[in-house]
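These notes concern the structure reproduced below.
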Amino acid sequence: SSRLPIRSRPRLSPAPPRARPMAGGPPFLVLLVGHEEVANHVEYVFRVIHASGSSWKVQWRYSDLSAAHMQLSRALDGLPPFPSKGLPGLGLFLGQEFVVQRGAALQRYFDGALARDEVAQAPGFQSLLGLRPPDAVASVRVRQWTMGSSGTSASLDLDAAP
């Protein structure tokens, strides 16, 4: 299977509590948080929020998302239709309104895709969103054990394998 390129390395940060995935739903959410103008084109910025509480941002051009959709649709059934490109020059004519409308359409696309388990769990789709298996653990060191009325807990240092 071919891998989709990831434009930016995910930066992990805690997800706001109100924006965490619901129990029984997909293991992550994708939320449009804005867009940026980069070298004469627009890139849409999405926050991916994992059920673990970690979150990161990914940033894509519409054309890159469209190409990824085409590639994924060859391997996956159940992908929602991708938002149409629109008429040539429409973005210039409508300006910011066009960018906002396209962003809303992309959000609906991700919402529809995540509503289907076989899509949300597909490695190619997860790769598009920057999901990747965690690094292997090379060593574990117990920093502190705590025993209390609610049970036992430990503070650990984990070192990832190179």
Side-chain angles (χ1 to χ4, degrees), residues 1-39 41-85 96-138 140 143 150-151 153-161:
S1 77
S2 58
R3 294 185 54 118
L4 298 170
I6 296 177
R7 178 170 306 287
S8 60
R9 184 145 181 95
R11 293 181 298 262
L12 296 178
S13 60
R18 65 190 177 287
R20 292 221 176 143
M22 300 288 288
F28 51 91
L29 296 175
V30 178
L31 302 173
L32 177 69
V33 295
H35 63 274
E36 292 181 13
E37 299 221 10
V38 179
H41 67 268
V42 173
E43 293 186 0
Y44 294 89
V45 182
F46 298 91
R47 177 169 290 283
V48 181
I49 304 169
H50 192 271
S52 68
S54 296
S55 70
W56 57 92
K57 290 181 181 178
V58 291
Q59 189 166 324
W60 291 98
R61 292 178 74 152
Y62 170 87
S63 59
D64 292 337
L65 287 170
S66 179
H69 170 81
M70 293 297 287
Q71 183 177 349
L72 288 169
S73 65
R74 289 192 279 275
L76 284 174
D77 290 331
L79 277 175
F82 196 74
S84 68
K85 184 175 182 173
Q96 196 66 19
E97 181 182 341
F98 178 78
V99 172
V100 170
Q101 288 175 358
R102 182 177 271 177
L106 289 170
Q107 180 65 64
R108 287 189 299 275
Y109 170 77
F110 281 115
D111 291 345
L114 290 173
R116 305 203 39 118
D117 286 340
E118 62 273 14
V119 174
Q121 299 297 330
F125 187 75
Q126 291 184 357
S127 176
L128 173 70
L129 298 174
L131 268 74
R132 59 184 176 87
D135 295 330
V137 175
V140 177
R143 188 183 313 165
S150 61
S153 64
S155 295
L156 305 173
D157 290 325
L158 302 176
D159 291 320

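- Atom CD1 of I49 is separated from atom NZ of K57 by 11.0 Å, given to the nearest 0.5 angstrom.
- Residues V48 and F110 fail the side-chain proximity criterion, which asks for heavy atoms closer than 4.5 Å.
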### Task
Carefully, step by step, assess E118 and D77 under the rule side chain to side chain contact (heavy atoms under 4.5 Å, CB included).
CA-CA 8 Å; E118 62 273 14; D77 290 331; over 6 Å; no
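- For A105, the side chain to side chain contact (heavy atoms under 4.5 Å, CB included) criterion is met by P83, R108, not counting sequence neighbours.
- Residue L72 comes nearest to F125 through the heavy atom pair CD2-N, 3.6 Å, listed as atom of the first residue, atom of the second, then distance.
- In this structure, the side chain to side chain contact (heavy atoms under 4.5 Å, CB included) partners of P80, at least two apart in sequence or on a different chain, are Y109, A113.
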Which pairs of donor and acceptor atoms, one on a side chain in residues 30-38, lie under 3.5 Å apart (sequence neighbours left out)?
| unit_1 | atom_1 | unit_2 | atom_2 | d |
| --- | --- | --- | --- | --- |
| H35 | NE2 | Q96 | NE2 | 2.8 |
| E36 | OE1 | Q59 | NE2 | 3.3 |

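- Closest of all the heavy-atom pairs between S55 and R47 is OG-NH1, 2.7 Å.
- A donor-acceptor pair under 3.5 Å is absent between the side-chain atoms of S127 and the main chain of P123, judged by distance alone.
- Between Q126 atom CD and F28 atom CZ the span is 4.5 Å, to the nearest 0.5 Å.
- Each of L65, V58, D64 was evaluated against L128; a single residue qualifies, L65, per the side chain to side chain contact (heavy atoms under 4.5 Å, CB included) test.
- Taking both residues in full, the closest heavy atoms of A120 and L114 are given as CB-CD2, 3.9 Å, listed atom of the first, atom of the second, then distance.
- With sequence neighbours excluded, the residues forming a side chain to side chain contact (heavy atoms under 4.5 Å, CB included) with S66 are Y62, F82, listed by chain and number.
- Partners of S155 by side chain to side chain contact (heavy atoms under 4.5 Å, CB included), not counting sequence neighbours, listed by chain and number: R143, Q144.
- For W60 (side chain) and L129 (main-chain N/O), no donor-acceptor pair under 3.5 Å exists by modelled atom type.
- Atom-to-atom distance recorded for L131:CG and Q121:CD is 9.5 Å, nearest 0.5 angstrom.
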